[in-house]
Amino acid sequence: MKFDILTLFPGMFSGPFDESIIKRAKDKQLIDISLHNIRDWATDRHQTADDSPYGGGAGMVMKAAPLAAGIESIKSQSPLSTVVLTSPHGRRLTHSVAVELAEKPGLIIVCGRYEGIDERVRSIYAEDDISLGDFVLSGGEIAAMAIVDSVTRLIPGALGSIESAESDSFGDGLLEYPHYTRPPEFKGLTVPDALLSGNHELIRKWRRKESLRKTRALRPDLLSRALLTREDRKMLTEIEQESPHDM
Ligand code: SAH
């Protein structure tokens with residue numbers, strides 16, 4: 001999977017992309033990340049990438065020409081890659097969007113800054129537009145990092161045996177069960193018996209039930225869309241009887 005990132009601040013990515021899962025995925029050549037400085041495509045002496053907005057008002061707008069030249073140059077190298085803008089107007093980054101993006105051969109991610117980018121860049125080049133949520137970031141870089149991270153985890157081989165994507169939250173439409181590690185008692189709180197039992201079937205059932213319980217309590221919207229087995233439905237009935245008043 002090829003990621004090309006267009007940014008005014010390529011330095012922001014060192015650190016997040018040089019540790020842990022992303023670093024290992026790069027080392028194993030499962031992903032290839034290229035950072036491109038938008039200024040490199042600015043043609044004037046000062047390498048200007050922004051200008052004041054038509055219509056006046058505060059802030060600056062990222063100029064169309066350097067971005068267009070950058071996108072076209074990267075597209076000519078990676079013609080199958082999808083151009084993804086980052087903006088608060090985009091579709092929300094969710095697990096299913098990450099799954100969809102992970103199926104593409106490559107992504108060209110455009111990081112906005114200031115008030116955003118000239119709308120004509122969107123009109124001409126945007127194939128997708130991703131938002132991290134209903135809040136405003138100072139730039140698209142953190143959104144690009146979130147896209148690269150969430151997509152990379154889904155690429156087969158990116159997670160080692162100690163991590164796992166299968167049971168992660170949203171993988172099966174539910175939130176994940178709670179985790180515990182040593183010691184067996186901490187500040188008076190113990191670890192659920194099933195997890196200490198060594199009985200794999202008991203552990204599996206406990207985890208499934210807690211996953212259902214958590215999703216029902218915290219995200220009933222997910223539960224109503226999840227594909228549930230007969231066993232799941234039976235567990236939900238039990239959960240309902242155990243705590244009829246929440247929800
Ligand atoms: N004036 C714009 C916000 C610009 S913020 C507005 O009101 O909609 C500058 C840049 O940060 C944007 O171009 C975008 O690339 C990025 N950004 C801000 N919020 C974001 C979000 N919620 N998700 C993804 N990118 C975001």
Side-chain angles (χ1 to χ4, degrees), residues 1-17 21-22 31 33-42 44 46-75 78 81-104 106-154 169-170 219 221-222:
M1 175 105 189
K2 174 90 178 127
F3 296 102
D4 286 284
I5 301 175
L6 277 152
T7 171
L8 287 173
F9 300 101
M12 280 184 74
F13 294 85
S14 44
F17 286 173
I21 292 169
I22 304 283
I31 59 169
I33 305 175
S34 300
L35 298 168
H36 308 273
N37 193 331
I38 297 162
R39 274 187 213 290
D40 293 346
W41 285 286
D44 64 313
H46 302 290
Q47 292 192 291
T48 312
D50 60 295
D51 205 341
S52 47
Y54 276 122
M60 298 299 270
V61 175
M62 287 175 67
K63 289 168 72 65
L67 276 169
I71 293 169
E72 284 180 19
S73 154
I74 297 166
K75 262 270 187 191
S78 313
S81 288
T82 302
V83 178
V84 181
L85 303 188
T86 51
S87 87
H89 324 166
R91 43 181 197 141
R92 184 78 60 89
L93 182 61
T94 61
H95 177 76
S96 58
V97 169
V99 169
E100 207 185 294
L101 296 177
E103 279 157 12
K104 313 248 183 226
L107 302 178
I108 300 169
I109 307 174
V110 180
C111 303
R113 275 275 153 180
Y114 318 120
E115 292 306 311
I117 64 175
D118 188 305
E119 188 65 17
R120 291 165 292 187
V121 173
R122 177 186 312 278
S123 311
I124 300 169
Y125 300 102
E127 295 172 86
D128 204 342
D129 189 0
I130 299 291
S131 167
L132 289 196
D134 290 348
F135 47 84
V136 178
L137 294 164
S138 312
E141 288 76 11
I142 289 174
M145 291 172 202
I147 294 169
V148 171
D149 192 299
S150 58
V151 168
T152 299
R153 294 178 63 79
L154 299 171
S169 295
F170 312 110
R219 293 293 305 275
D221 58 310
L222 292 178

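When a ligand or atom number is given, it counts from 1 through the structure's own listing order. The figures here come from the full heavy-atom set of this structure, side chains too, leaving out hydrogens, waters and symmetry mates.
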Exercise. In Å, rounded to the nearest 0.5 Å, how long is the span from CZ of Arg120 to CG of Asp118?
Worked result: 4.0 Å
Evaluate [X] for polar contact with ligand 1, using N/O atom pairs at a separation under 3.5 Å.
X      : value
Leu132 : yes
Leu137 : yes
Phe135 : yes
Gly133 : yes
Tyr114 : no

Problem set entry | Over 12 foreign heavy atoms within 6.0 Å of OH, Tyr54 |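 No, because the 6.0 Å sphere around OH of Tyr54 holds 12 heavy atoms or fewer from other groups.
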Problem set entry | Enclosure of Asp221 CG (heavy-atom neighbours >12, cutoff 6.0 Å) |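 Yes.
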Please state which protein non-hydrogen atom is closest to [atom] and give its distance, to 0.1 Å?
atom                    : value
atom 7 (O) of ligand 1  : Val136 CG2, 4.9 Å
atom 1 (N) of ligand 1  : Glu115 O, 3.0 Å
atom 25 (N) of ligand 1 : Ser87 N, 3.5 Å
atom 8 (O) of ligand 1  : His89 NE2, 3.2 Å
atom 14 (C) of ligand 1 : Thr86 O, 3.1 Å

Exercise. What part of Ile130 sits under 4.0 Å from ligand 1 if we count only heavy atoms: the side chain, the backbone, both or neither?
Worked result: backbone
Problem set entry | Residue part near ligand 1, for Ala143, under 4.0 Å between non-hydrogen atoms |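 Just the side chain.
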Tell me which donor-acceptor pairs under 3.5 Å the side chains of residues 138-147 have, and how far apart each pair is, sequence neighbours excluded?
{"residue": "Glu141", "atom": "OE1", "partner": "Arg113", "partner atom": "NE", "Å": "3.1"}
{"residue": "Glu141", "atom": "OE1", "partner": "Arg113", "partner atom": "NH2", "Å": "3.0"}
{"residue": "Glu141", "atom": "OE2", "partner": "Thr7", "partner atom": "OG1", "Å": "2.7"}

Exercise. Of the options Asp4, Val83, Thr86, Asp129, which is the one that meets Val110 in a side chain to side chain contact (heavy atoms under 4.5 Å, CB included)?
Worked result: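 Output: one option passes, namely Val83.
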Problem set entry | Proximal atoms of ligand 1 relative to Gly140 (non-hydrogen, under 4.0 Å) | 11 (O), 15 (O), 16 (C)
For this session: Taking only heavy atoms of Gly116 into account, list the atoms of ligand 1 that are under 4.0 Å away from them.
Result: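 Going through ligand 1 atom by atom, the ones under 4.0 Å from Gly116 are 13 (O).
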Exercise. Taking 4.0 angstrom as the limit, do Lys75 and Glu127 come out as a salt bridge?
Worked result: yes
For this session: Specify the closest pair of heavy atoms between Gly59 and Pro53, including all atoms of both residues, with the distance to one decimal.
Result: O-CD, 3.1 Å
Exercise. Protein heavy atoms: any of them under 4.0 Å from atom 5 (S) of ligand 1?
Worked result: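 Flag for atom 5 (S) of ligand 1 set to true, protein heavy atom closer than 4.0 Å.
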For this session: Kindly indicate, with the supporting measurements, whether the criterion side chain to side chain contact (heavy atoms under 4.5 Å, CB included) is fulfilled by Val151 and Phe3.
Result: CA-CA 10 Å; Val151 168; Phe3 296 102; 3.9 Å; yes
Problem set entry | Donor-acceptor contact present, side-chain Ser14 to main-chain Gly11, <3.5 Å |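 Side chain of Ser14 to backbone of Gly11: a pair is present.
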Exercise. Between Gly90, Pro53, Gly139, which one has a non-hydrogen atom sitting closest to atom 11 (O) of ligand 1?
Worked result: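 Checking each option, the heavy atom nearest atom 11 (O) of ligand 1 is found in Gly139.
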Seminar exercise, completed: Among Ala144, Pro88, Gly112, closest by heavy atom to atom 20 (C) of ligand 1 is Pro88
For this session: May I ask you to test the Ser73-His36 pair for a side-chain heavy-atom distance under 4.5 Å?
Result: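 Not in contact.
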Problem set entry | Sequence-distant partners of Thr94, side chain to side chain donor-acceptor pair (under 3.5 Å), two or more places apart | Ser96
